[in-house]
Amino acid sequence: MMAQHTILIVDDEANQRLMLTQALRTNDEREIATAASVSEALAWLDRHTADLIITDYNMPSANGLALIAHVRQRALPARIILITAYYSPELQEAARQLGVDHFLTKPVPLSLLRQLANDLGNVSPTV
């Protein structure tokens with residue numbers, strides 16, 4: 001039996017959270033949690049541990065980079081995937097400096113996202 005991994009999906013759009021959850025829910029080997037905002041995600045992380053955090057960039061109140069900065073300040077060991085529809089070299093560089101493991105632009109191929117989630121333990125960063 002494989003180890004169970006926990007994935008936290010953070011996106012302010014409910015349909016996006018649902019689509020990502022359904023795409024990544026393949027079997028009983030992973031638990032998937034969702035949060036609709038950075039503050040909700042941080043509250044969840046106060047009580048739980050995530051192996052992988054998939055976060056949208058553009059959200060009200062605080063963006064995905066703010067979440068990533070908090071996660072890195074807390075020295076949480078989670079891998080992080082930042083997803084955005086607003087690509088810019090500056091955003092990609094900011095993500096790289098925060099230690100994001102993968103920087104993906106929308107529309108994200110779900111097969112790629114599944115592969116990254118399935119390879120939690122042995123994927124090299126692509127930022």
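Note that CG of L112 is 8.0 Å distant from NE2 of H102, once rounded to the nearest 0.5 Å. Taken to the nearest 0.5 Å, the CZ atom of F103 stands 10.5 Å off from the CD1 atom of I83. Distance check, rounded to the nearest 0.5 Å: CG of L91 to OH of Y57 gives 5.5 Å. Atom CZ of R25 is separated from atom CG of L20 by 12.0 Å, given to the nearest 0.5 angstrom. Taken to the nearest 0.5 Å, the CG atom of L98 stands 10.0 Å off from the CD atom of E93. Atom CG in L18 sits 11.5 Å away from atom CG in D11 (nearest 0.5 Å).
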- So I7 and R79, side-chain contact (heavy atoms from CB on, under 4.5 Å) or not? Walk me through it. CA-CA 9 Å; I7 299 171; R79 289 188 164 282; over 6 Å; no

- Begin from the C-alpha positions of L65 and L82 and carry the test side-chain contact (heavy atoms from CB on, under 4.5 Å) through to its verdict. CA-CA 8 Å; L65 290 181; L82 178 66; 4.0 Å; yes

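Nearest heavy atom pair, residue R17 against residue A36, reads NH1-CB, 3.4 Å. The two atoms that bring T34 and E40 nearest to each other are O-OE2, 3.8 Å, heavy atoms only. Counting all heavy atoms, side chain and backbone alike, A117 lies closest to L24 at CB-CD2, 3.8 Å.
Residues P60 and D12 have side chains in contact (heavy-atom distance under 4.5 Å, counting atoms from C-beta outward). In this structure the side chain of L116 never reaches within 4.5 angstrom of the side chain of D101, judged on heavy atoms.
The main-chain N or O of A23 is found under 3.5 Å from a side-chain atom of R114 such that the two form a donor-acceptor pair.
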What pairs of donor and acceptor atoms, side-chain ones from residues 46-56 against any protein atom, are under 3.5 angstrom apart with sequence neighbours left out?
| from | atom 1 | to | atom 2 | distance (Å) |
| --- | --- | --- | --- | --- |
| D46 | OD1 | R74 | NH1 | 2.9 |
| D46 | OD1 | R74 | NH2 | 3.2 |
| R47 | NH1 | A43 | O | 2.8 |
| H48 | ND1 | W44 | O | 3.0 |
| H48 | ND1 | W44 | NE1 | 3.4 |
| D51 | OD2 | T6 | N | 2.7 |
| D56 | OD1 | K106 | NZ | 3.3 |

